[in-house]
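Because the structure is a prediction, the values reported are computed rather than measured.
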Amino acid sequence: MRINTVLARSISDTRGYPTIETILTAGSFSATASIPSGKSTGTHEAFELRDADGGVTRAIENVNDEIAHALVGRDFDSIDELDAFLIQLDGTKNKSRLGANAILSVSIAAMRLSALMENIPLWDAIAKRTGTTQQAPRLYVNVINGGVHADFRLPFQEYILVVEGNTNEALPIAHEAFTKLGELLRTHDTDVPMGDEGGYAPTFDTLEQPFELLASLVAEYPGTSIALDAAASELFHNGAYQLLGKSYSADELLAFYRELVERFPLHSIEDPFDEDSVTDFIRLTAMLEDFSTPLGAKKVLVVGDDLTVTNPVRISQAMKYKEINAVLIKPNQIGTVRETILAVQETYTADCKVIASHRSGETDDTFIADFARGIGAHGIKAGGFGQKERLEKYDRLLAIEREAETR
Ligand code: PEP
Ligand code: MG
C-alpha cells in the first residue's frame with residue numbers, strides 16, 4: 001500500500017467536544033476515520049493527546065505534519081507493517097508523543113483503505129486479519145446510564161439489556177424494550193433525562209431498584225438478560241466504594257454482587273472493582289464460576305475494561321491469574337488496529353470472551369460494528385437508542401448482516 005495524501009481535521013463528538021477525523025487516499029481510493037473519546041478512562045490506557053483547552057489541534061498537526069511526511073509515498077507490504085511503522089514513529093510506550101487518537105485515526109483509515117483495495121467488506125477484512133470467523137455479536141444496549149455518564153444520578157455507570165440472536169431479530173426486541181422502559185420510568189418520575197450514551201438517566205432510592213425494573217423487562221422479552229458496567233474505579237475513594245451515600249468495603253461489594261447474581265438474571269459484570277484491585281477481581285471471578293447465566297452461557301462473565309485497557313500484555317496477565325473471563329475491547333485504549341487485534345487474539349487464546357465497545361463520546365464512525373462482527377465478538381456495546389451516533393452502529397450491524405447473508 002502506498003498512501004498519497006493524509007488530511008486530519010477537527011469534528012465534534014456526541015458531547016460537543018472536538019475530536020480528530022483523518023482522511024487518507026491511495027490511488028483512486030479514499031477512506032475516513034474519526035476517533036471517539038472516553039470519560040471513565042482507565043489510567044493505563046494509551047495517551048489521548050489534547051491541548052490545554054481540551055482541543056485536538058496538536059493531534060491534528062501531528063497527523064498533518066509528522067505522520068503525513070513519514071507515510072506519503074512510502075510502500076508498505078501490509079497494514080500490519082504500516083501500524084508497526086506508526087508505533088515506531090511515536091516511539092513511546094503509551095503513544096504520548098504523537099497521541100493515540102492521532103495514530104488510531106490513521107490506522108483505522110488505512111484498514112478501511114486496504115479493504116477497499118481488496119474489494120472486500122471491512123468486517124471481512126477484519127476477520128481475515130484476525131483469523132476469526134465472523135458472527136453476529138449480542139447487542140449490549142445501555143438502557144440506563146449512571147456514573148460519570150449521568151452526573152452520578154446513579155452510582156453504577158451502565159445498566160445494559162443484553163439481547164441474543166442475529167441483529168435483525170435482536171434489534172426490534174431491544175427497541176421495544178427500550179421504549180417500554182421509558183414508559184415505566186416516567187410512571188416513577190416525569191423528568192427522565194438522557195445520559196451520555198443515549199440511555200435513560202433516572203434516579204432510584206436503592207441499588208436494587210434498577211435491577212428489579214430490568215428483571216421485569218427480561219421476564220417480558222425472551223432471549224434477554226442484564227449486564228452491568230459498575231465502572232468501579234470511579235466509585236473508589238480512600239480504599240472504599242461510595243454507593244448512594246454509603247461506603248462499601250471490597251468485601252461488602254463482593255457480597256452485594258453475589259446477592260445480585262442470586263436475585264437477578266445477570267449475564268455479565270464489567271469493572272466490578274477499582275482497576276488496580278486485582279485480588280478482588282480474582283475473588284469475584286472464582287465465586288461466579290459456579291453461577292450459570294440465564295441464557296445458558298457457561299457462567300456469569302466478569303469483564304475487564306479499565307483493568308485490561310485493550311492492552312495485550314495486561315490481558316495476558318489478567319488471563320494468567322484468572323482475574324476475569326471476558327475482555328472489553330476499545331481500539332482507542334491502545335491506539336492501533338494491529339494492537340487491538342493482538343488484544344483479541346490474546347483473549348481468545350485463553351478461551352475467554354470478547355465484547356467490543358464504543359466510547360461514551362462517540363462520532364458517526366461505525367468501525368466498531370465491523371470490528372465486532374469480524375472478530376466474532378460475544379457482544380457489542382453501542383449504547384442506548386437516544387442518540388444518532390449510537391443508532392448508526394446498530395444500522396451498520398444490520399447492513400453487515402445483509403451483506404454477510406448474500407456473500
Ligand atoms: C465504558 O466504561 O465501558 C465506557 C464505554 O465508557 P467510557 O467511554 O466513558 O470509558
Ligand atoms: Mg466500562
Side-chain angles (χ1 to χ4, degrees), residues 38 40-46 132 137-138 140 142 147 156-160 162 225-236 241 250-251 253-258 260-261 266-295 297-331 333-334 339-359 371-372 375-381:
S40 63
T41 47
T43 52
H44 306 288
E45 292 192 21
T132 40
R138 280 165 193 75
Y140 271 58
N142 183 5
F156 294 133
Q157 182 178 283
E158 299 173 22
Y159 302 78
I160 296 164
V162 182
S225 54
I226 303 170
L228 171 70
D229 179 2
S233 302
E234 304 289 338
L235 306 167
F236 194 58
Y241 297 89
D251 282 354
L253 192 55
L254 187 74
F256 174 74
Y257 291 137
R258 186 182 184 101
L260 275 190
V261 293
L266 240 75
H267 192 107
S268 58
I269 307 178
E270 178 184 329
D271 278 354
F273 297 102
D274 173 64
E275 62 200 345
D276 292 318
S277 301
V278 170
T279 49
D280 296 326
F281 272 88
I282 294 171
R283 287 197 298 157
L284 179 67
T285 302
M287 185 182 92
L288 294 184
E289 278 289 310
D290 300 332
F291 284 83
S292 357
T293 72
L295 293 161
K298 265 205 295 216
K299 53 198 149 208
V300 178
L301 299 175
V302 180
V303 186
D305 173 13
D306 291 355
L307 177 82
T308 36
V309 293
T310 313
N311 183 319
V313 177
R314 291 186 72 86
I315 291 171
S316 158
Q317 283 288 107
M319 300 285 128
K320 183 169 162 202
Y321 296 107
K322 296 195 188 320
E323 295 162 24
I324 47 178
N325 48 37
V327 176
L328 201 77
I329 295 285
K330 294 166 164 169
Q333 285 182 322
I334 188 72
E339 291 160 289
T340 308
I341 285 174
L342 287 174
V344 170
Q345 289 167 335
E346 194 67 49
T347 309
Y348 284 162
T349 302
D351 206 18
C352 289
K353 304 262 192 278
V354 167
I355 298 158
S357 174
H358 67 159
R359 297 304 305 244
F371 192 80
I375 63 163
H378 180 79
I380 180 171
K381 292 210 311 183

Contact check, side chains of E346 and L342, non-hydrogen atoms, under 4.5 Å: no
Set of salt bridge (charged side-chain N to carboxylate O under 4.0 Å, His left out) partners for D271, sequence neighbours left out: none
Heavy-atom pair of closest approach, residues P331 and S357: CD-O, 4.3 Å
Nearest heavy-atom neighbours spanning P312 and I334: CD-CD1, 4.2 Å
Plane angle bin for Y241 and F236 - parallel if under 30°, tilted between 30 and 60°, otherwise perpendicular: tilted
Residue pair F273, L254: steps toward the side-chain contact (heavy atoms from CB on, under 4.5 Å) verdict: CA-CA 9 Å; F273 297 102; L254 187 74; 4.0 Å; yes
Side chain to side chain, D229 and Y140, heavy atoms closer than 4.5 Å: no
Spatial distance of atom CD1 (I315) from atom CD1 (I324) [nearest 0.5 Å]: 7.0 Å
N325 versus L301, closest heavy-atom pair with distance: OD1-CA, 3.3 Å
Separation of N142 CG from Q157 CD (nearest 0.5 Å): 8.0 Å
4.5 Å side-chain heavy-atom contact, T41 and R359: yes
Aromatic ring pairing H267/H378, orientation class (parallel under 30°, perpendicular over 60°, tilted between): tilted
Electrostatic pair K322:E289 at N-O distance under 4.0 angstrom: no
Any side-chain heavy-atom pair of V302 and E323 under 4.5 Å: no
Set of residues satisfying side-chain hydrogen bond (donor to acceptor under 3.5 Å, both in side chains) with respect to D280, sequence neighbours excluded: R283
Approximate separation, where rounding is to 0.5 Å, of L328 CG and T347 OG1: 10.0 Å
Under 3.5 Å: donor-acceptor pair, side chain of E270, backbone of D305: no
Note, Y257 side chain near L266 side chain (heavy atom, < 4.5 Å): no
Nearest-0.5 Å distance that lies between atom OG in S268 and atom NZ in K381: 8.5 Å
Side chains of T132 and Y348 in contact at under 4.5 Å (non-hydrogen atoms): yes
Sole candidate of N311, T340, T308, T310 that passes side chain to side chain contact (heavy atoms under 4.5 Å, CB included) when paired with Q333: T310
Flag side-chain contact, heavy atom, 4.5 Å: I380 against F371: no
From CA spacing to verdict: side-chain contact (heavy atoms from CB on, under 4.5 Å), I226, L260: CA-CA 11 Å; I226 303 170; L260 275 190; over 6 Å; no
Where P272 and A230 come nearest, the two heavy atoms and their spacing: CA-CB, 4.2 Å
Residues E45, K330: salt bridge by 4.0 Å N-O rule: no
Separation of R314 CZ from H44 NE2 (nearest 0.5 Å): 4.0 Å
Rounded distance (nearest 0.5 Å) linking atom CE of M287 with atom CD1 of I282: 14.5 Å
Side-chain heavy-atom pair Y321, V278 within 4.5 angstrom cut-off: no
Exercise: identify the closest heavy-atom pair between D306 and S40: OD1-O, 3.4 Å
